[in-house]
Each structure stands twice: as structure tokens, then as C-alpha cells.
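Reading through the C-alpha cells given below for one structure.
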Amino acid sequence: MKKKLLSLIMATTMLFAGLFTACSGSSGDSGKGGKKVGVSMPTKDLQRWNQDGDNMKKQLEAAGYEVDLQYASNDINTQVSQIENMINNGCSVLVIASIDGESLGTVLQQAKEKNIPVIAYDRLIMNSDAVTYYATFDNYKVGKFQGEYIRDQLDLENAAGPFNIELVTGDPGDNNARFFFKGAMDVLQPYIDSGKLVVVSGQTSFEEVATAGWASDAAQARMEAILSGNYADGTQLDAVMCSNDSTAFGVANALASNYTGKYPIITGQDCDIANVKNILADKQSMSIFKDTRDLASKVVEMVQAILEGKEAPVNDKETYDNGKGIVPSYLCEPKFADKNNYKELLIDSGYYTEDQLA
Ligand code: BGC
């Protein structure tokens with residue numbers, strides 16, 4: 001009897017001890033001063049977001065925080081419920097790269113009610129007053145570089161022309177897409193107006209040239225239709241202004257089986273491995289290098305500042321109005337990349353190894 005009582009006492013003590021360790025363990029696990037950071041990324045389908053997520057997790061953990069990193073398979077409802085879980089599971093700050101900038105207002109209201117600051121990562125979250133800061137690359141400049149590359153390669157200032165061009169931009173729900181497109185068109189539009197550049201398909205408005213979900217398949221299908229409708233008679237295509245690498249990839253695929261003329265200039269953005277390989281194989285002309293390590297470290301600085309009650313670093317307080325007011329932003333510098341400088345930019349900087357590009 002005595003023995004039974006003793007083992008009961010021991011078992012109960014162990015149970016409590018276990019519970020106690022579990023509780024203290026979980027608060028101990030939740031990082032610096034018990035702080036957990038929720039990081040919501042749009043999709044694993046595109047190389048860059050995997051890098052962004054990895055960089056954020058690595059750098060936040062190195063700074064002593066626990067990280068809840070989630071990818072939403074490019075599905076808006078999934079992203080909303082992942083963010084809801086982050087809010088309910090005790091995240092102190094949210095870092096969000098939105099799938100659709102317009103779709104997070106309701107869930108972010110919950111964050112606001114719980115005083116959880118929100119950093120919009122790379123893509124601005126629209127029509128919500130819950131967005132504390134925005135960190136991105138200078139998106140207008142990305143588009144401007146693409147437009148200028150086409151202008152310079154075709155020597156639009158001096159050559160007689162006319163030259164034929166087609167335009168391919170990104171997802172209408174991504175605020176960045178409008179900045180990229182505007183940056184490029186501010187350079188190209190005067191030449192279209194003067195007739196030196198001709199958009200043979202006639203598709204020039206943002207809505208006509210947008211690509212849902214930035215999907216390569218969609219860009220490929222649209223370019224195939226454009227080629228068969230406008231270039232099948234041997235008309236030469238001189239340039240395709242693509243806002244990023246996933247769309248440039250689709251365009252290169254369309255050209256491979258539907259076009260035999262002189263290969264056009266194709267722009268891109270992100271320096272995805274598949275696209276750098278295409279650049280080396282002369283199937284894409286340039287890309288924009290956005291060092292996601294820089295963006296991640298800037299966002300980590302923002303998180304730290306917020307959690308320490310300090311002002312976060314920003315360098316732009318006028319460009320990004322999300323419909324509820326200007327969101328203080330930090331804009332990182334994008335860089336132009338092509339066959340001539342990719343080694344220095346991508347390999348010497350340790351972003352890729354030579355093997356990855358072989
Ligand atoms: C990013 C680009 C990316 C695109 C597609 C944009 O918001 O800024 O770097 O190529 O989304 O994922």
C-alpha cells in the first residue's frame with residue numbers, strides 16, 4: 001500500500017515536473033525574450049521566395065528570435081489562415097510577402113487589434129492601416145533599367161528603326177508589377193509615340209500585358225498567341241520587355257518553338273538560376289539582380305528596432321502609398337546583370353556557385 005502511494009506520488013511529481021519543463025521549454029524556445037516572428041511567403045514555386053524565406057529564417061534565428069516561416073502555395077486563403085495562426089500563436093511581429101496585396105485587410109485588422117506590427121516584405125500590402133513598414137527594392141528603378149537596356153541595345157536614339165516590341169508584365173494583384181511596368185514604359189513610351197518602336201500585337205495597356213500569378217505558362221501561352229497572330233509571316237520581333245524572370249522564361253519557351261527569325265532582346269528580373277543559364281545560352285539578354293540577403297538583413301534590422309521600441313531604418317517616406325497613407329519604406333538597390341558582369345555579381349559575391357550555373 002505504502003509502495004503504491006509512493007509510486008503514485010512519484011508519478012504525479014514527474015507529471016508536474018514534465019508539464020513544468022514543457023511550459024518553460026516552450027517559452028524558452030520562443031526566442032529572444034520570448035519573441036517569435038511570423039514570416040509569410042507567397043510560394044515555393046519561384047526560386048527567389050525560397051531564398052527570401054531561408055535568408056529571413058537564418059538571420060532572424062541568428063539574432064535570437066524564434067521563427068514561424070510559412071509558404072502559401074500562391075493561394076490567398078492559405079496565406080490568410082497562415083497569418084491568422086501566426087497572430088493566434090503568439091508572434092510579436094509579422095513579416096509578409098503578400099500573394100495579393102488587396103486581400104489581407106481583414107486578417108491584418110486582427111493583428112492591429114493585438115498590437116502586432118506588420119512589415120510588408122518586397123510587395124506592398126494595400127488598403128490596410130495595419131502596415132507599419134515596407135522593405136523592398138526600388139521597383140520603379142527595376143523597370144527603368146529594363147527599359148533603358150532595350151533603348152540602348154536597339155540604339156533607339158540614333159538608329160532609324162522602326163523596331164518591333166512586345167510587352168509582358170506581372171500579376172495585377174502585385175503592386176510591384178505596376179511600378180516595374182511604369183519604370184519601363186517611362187523610357188519606352190516616347191519611342192512608341194514617335195513610331196520608332198512598334199508593339200505589333202497592339203497590346204500596350206497594363207491590363208492587356210499583365211500575367212496572372214507571374215506564371216511562366218501563362219506568359220508562354222500569351223506569347224505563342226502573339227507570335228502566331230502577328231509574326232508567323234516572318235515579321236521580325238526585336239525586343240520583349242519582360243518584367244521578371246518567370247515571365248521571360250515563358251517567353252523564351254514560346255520563341256523556341258514558334259519563331260525562327262533573329263532572336264529578340266529579352267529582359268528579366270531576379271537572376272533565377274534557370275534564367276542566368278538562359279543568359280549564358282543567349283536565350284535571355286539581361287536580368288536584374290536583387291540580392292535577397294540584403295533585403296533580409298534590412299528586414300531583420302526593422303524587426304529588431306520594432307521589438308526594442310526604436311525607429312526602424314527607412315530611406316523613403318513618399319513613394320509607397322497603400323491607399324491608407326504613405327508607408328515608411330526602405331528601398332534596397334537593384335543591379336543590372338548580364339553576360340558581362342554576372343560572375344562578379346553572382347559568383348564572387350557568393351550568391352551562387354559556378355556549379356549551380358553550369
Ligand atoms: C517580385 C519579383 C518577382 C515577382 C514574381 C515581385 O513582387 O518583386 O522579384 O519576380 O514578384 O514572384
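Numbers here simply count residues along the sequence, with the first being 1. Numbering of ligands and ligand atoms starts at 1, following listing order. Side-chain atoms are counted along with the backbone in the values below, which use heavy atoms only and exclude waters and symmetry mates.
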Answer side chain, backbone, both or neither: which part of [X] comes under 4.0 Å from ligand 1, heavy atoms only.
X      : result
Asp122 : side chain
Phe180 : side chain
Trp49  : side chain

Nearest neighbour in protein (non-hydrogen) for [atom]:
atom                    : value
atom 6 (C) of ligand 1  : Asp174 OD2, 3.2 Å
atom 4 (C) of ligand 1  : Trp214 CE2, 3.6 Å
atom 10 (O) of ligand 1 : Asp270 OD2, 2.5 Å

Heteroatom proximity flag, Lys290 to ligand 1, N/O under 3.5 Å
yes

Any donor-acceptor pair under 3.5 Å from [X] side chain to [Y] backbone:
X      : Y      : answer
Lys57  : Val67  : no
Asn244 : Thr247 : yes
Gln59  : Val300 : no

Would Tyr320 and Asn175 count as having a side-chain donor-acceptor pair, cut-off 3.5 Å?
no

Is any NZ, NE, NH1 or NH2 atom of the basic residue among Asp54 and Lys58 found under 4.0 Å from an Asp or Glu carboxylate oxygen of the other?
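Judged by the 4.0 Å cut-off on N to carboxylate O distance, Asp54 and Lys58 do not form a salt bridge.
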
Mind checking whether Leu331 and Val142 sit in one hydrophobic cluster, side chains of I, L, V, M, F, W, Y counted as touching below 4.5 Å?
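Leu331 does not cluster with Val142.
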
Atoms of ligand 1 less than 4.0 Å from [X] heavy atoms?
X      : value
Asn244 : 3 (C), 4 (C), 5 (C), 10 (O)
Arg123 : 4 (C), 5 (C), 6 (C), 7 (O), 11 (O), 12 (O)
Leu46  : 5 (C), 12 (O)

Enumerate, atom names and distances included, each donor-acceptor pair closer than 3.5 Å involving a side-chain atom of residues 95-109, sequence neighbours excluded.
residue, atom, partner, partner atom, Å
Asp100, OD1, Glu102, N, 2.8
Glu102, OE1, Asn127, ND2, 2.8

